Amino acid sequence: MKTILYATDRTEYAVPALQYAHHLSQKLNAALLVLYVHEMEPLRVSVSRPADQIEYHVIQEQAEILSSYCAKHLGVPVDGKKLQVEVVHNHSVSKGILEKTKEVAPHMIIIGRKDKHTDRGLFVGNIGKGLQEKVPCPLLIIPNNVEEKPIRTILYATDFEEADILALKKLVPLAQLLGAEIHIVHISTEKEYAGKEQMEWFKEMLRQKVDDSSLTFELIFSDKIQDKLKIHAKTIGADLLVLLEREEKGFFQKIFHISLVAKMEEHIGIPLLSYNEINL
């Protein structure tokens, strides 16, 4: 892990998310790039100062504000190495994040979840969902009121697919760096055929690819998959929920068939790490 990109709206309500991202970058021995997308109003033509010059000075000013924001709330200076800041100008937050992602190729992107305290947030419209479909690396979505605490238990919801094995192959080294256990669960209705047999097949296939003793498995039958996942996360004390964004319908779509953003805000109160199937 080399670089984590954290996109912030730079509000007081996003401070816990900033601190969480910084703590995680330290645990993973990664540089943290804090990004702010400045949605600047169209500039009027000026005879004395060209538009590109005005934009440059606005971005510089915003970068100074962002540096002060990070230094104040993290208690460490922005050194340009382990802690970096950058402001970009874009009329779209998601496009600004994606363009910077192409430039720096981060190993993980972190965004905060919009809440009632901010009209902007990073989940206005379909920003979060749009990023999930396009980012080339894992996307970590965290509540703005997230607690800065160690990740000890990771809950991975599987649909018994080969793509799940590829995702877990990437997740295991991350969990090892964090000193966390991975609890793998499949939640299905009683009508689903051969759930136990599928679980045994999946366990065997996974252990051929991943040599890790911290994996545990559980098969749960329930007609209310969403609610059961939420309850199970609380029962095991999960600090992180991991899901796979699939192109075809599966477990992910069963849970979040309307809107990932809306369902996350409504049902899950812990950080969500999403892997995209097409990037595995």
Side-chain angles (χ1 to χ4, degrees), residues 111-116 121-123 125-133 138-147 149 151-168 171 175 180-203 205-206 214-277 280:
I111 60 175
R113 187 180 310 156
K114 182 188 174 186
D115 57 35
K116 62 182 179 181
L122 289 178
F123 270 164
N126 292 316
I127 291 175
K129 184 60 176 175
L131 285 174
Q132 277 207 313
E133 295 171 347
L139 177 67
L140 180 60
I141 304 165
I142 54 180
N144 278 338
N145 61 350
V146 65
E147 294 183 16
K149 65 177 184 177
I151 297 174
R152 297 298 184 213
T153 303
I154 299 173
L155 177 59
Y156 184 94
T158 180
D159 209 17
F160 297 141
E161 296 180 0
E162 290 187 20
D164 286 310
I165 295 175
L166 296 176
L168 283 161
L171 181 62
E181 293 187 351
I182 302 175
H183 185 90
I184 302 171
V185 64
H186 178 76
I187 304 174
S188 64
T189 65
E190 291 283 0
K191 296 179 181 179
E192 185 174 1
Y193 177 72
K196 293 181 180 179
E197 289 80 359
Q198 285 182 310
M199 175 65 88
E200 291 305 314
W201 170 85
F202 184 76
K203 288 165 63 173
M205 293 295 294
L206 182 60
S214 66
L215 302 177
T216 60
F217 302 84
E218 189 162 357
L219 177 64
I220 299 175
F221 291 102
S222 175
D223 291 325
K224 298 181 179 179
I225 298 175
Q226 272 181 35
D227 294 336
K228 194 62 179 179
L229 180 61
K230 177 182 177 181
I231 293 170
H232 190 65
K234 288 185 177 181
T235 299
I236 67 171
D239 304 301
L240 177 68
L241 172 64
V242 183
L243 296 172
L244 178 64
E245 172 75 356
R246 295 174 171 85
E247 290 188 282
E248 298 180 359
K249 291 183 178 180
F251 183 82
F252 191 91
Q253 284 73 14
K254 290 177 187 176
I255 304 174
F256 307 114
H257 56 35
I258 299 176
S259 164
L260 171 64
V261 176
K263 295 300 180 183
M264 287 293 94
E265 291 179 330
E266 181 183 353
H267 289 280
I268 305 295
I270 59 175
L272 164 75
L273 181 64
S274 173
Y275 286 92
N276 194 319
E277 182 179 11
L280 295 176

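Numbering of residues begins at 1 and proceeds along the displayed sequence. Keep in mind that what you see is a predicted model, and the values were worked out from it rather than measured. Side chains are part of it too, since the values below use all heavy atoms of this structure and drop only hydrogens, waters and symmetry mates.
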Measure the spacing between [atom1] of [X] and [atom2] of [Y] and express it to the nearest 0.5 Å.
| X | Y | atom1 | atom2 | result |
| --- | --- | --- | --- | --- |
| I182 | T216 | CD1 | OG1 | 9.0 Å |
| T235 | K230 | OG1 | NZ | 12.0 Å |
| I187 | L229 | CD1 | CG | 4.5 Å |
| D239 | E147 | CG | CD | 9.5 Å |
| I184 | L219 | CD1 | CG | 12.5 Å |
| Y156 | H186 | OH | NE2 | 12.0 Å |

State, with a plain yes or no, whether a side-chain heavy atom of [X] is found less than 4.5 Å away from one of [Y].
| X | Y | value |
| --- | --- | --- |
| L139 | I111 | yes |
| P138 | L273 | yes |
| V242 | I154 | yes |
| P271 | L241 | no |

[X] versus [Y], closest heavy-atom pair with distance:
| X | Y | result |
| --- | --- | --- |
| I165 | M205 | CD1-CB, 3.6 Å |
| I220 | V185 | CD1-CG2, 3.7 Å |
| F202 | E161 | CE1-O, 3.7 Å |
| H232 | L155 | CD2-CD1, 3.9 Å |
| A180 | I151 | CB-O, 3.3 Å |
| E162 | W201 | CG-CH2, 4.5 Å |

More than 12 non-hydrogen atoms from neighbouring residues, nucleotides or ligands closer than 6.0 Å to NZ on K203, yes or no?
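Check passes, neighbour count above 12.
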Given L140 and L272, is the side-chain contact (heavy atoms from CB on, under 4.5 Å) satisfied, shown in steps?
CA-CA 6 Å; L140 180 60; L272 164 75; 5.8 Å; no
Just by distance, do the side chain of D164 and the backbone of T158 share a donor-acceptor pair under 3.5 Å?
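No; zero donor-acceptor contacts below 3.5 Å.
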Test of understanding: with side-chain hydrogen bond (donor to acceptor under 3.5 Å, both in side chains), list the residues that count as partners of E218, not counting sequence neighbours.
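Checked E218 against side-chain hydrogen bond (donor to acceptor under 3.5 Å, both in side chains); matches are H183.
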Not counting sequence neighbours, which residues clear side-chain hydrogen bond (donor to acceptor under 3.5 Å, both in side chains) with Y275? List them please.
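For Y275, no residue satisfies side-chain hydrogen bond (donor to acceptor under 3.5 Å, both in side chains) once neighbours in sequence are set aside.
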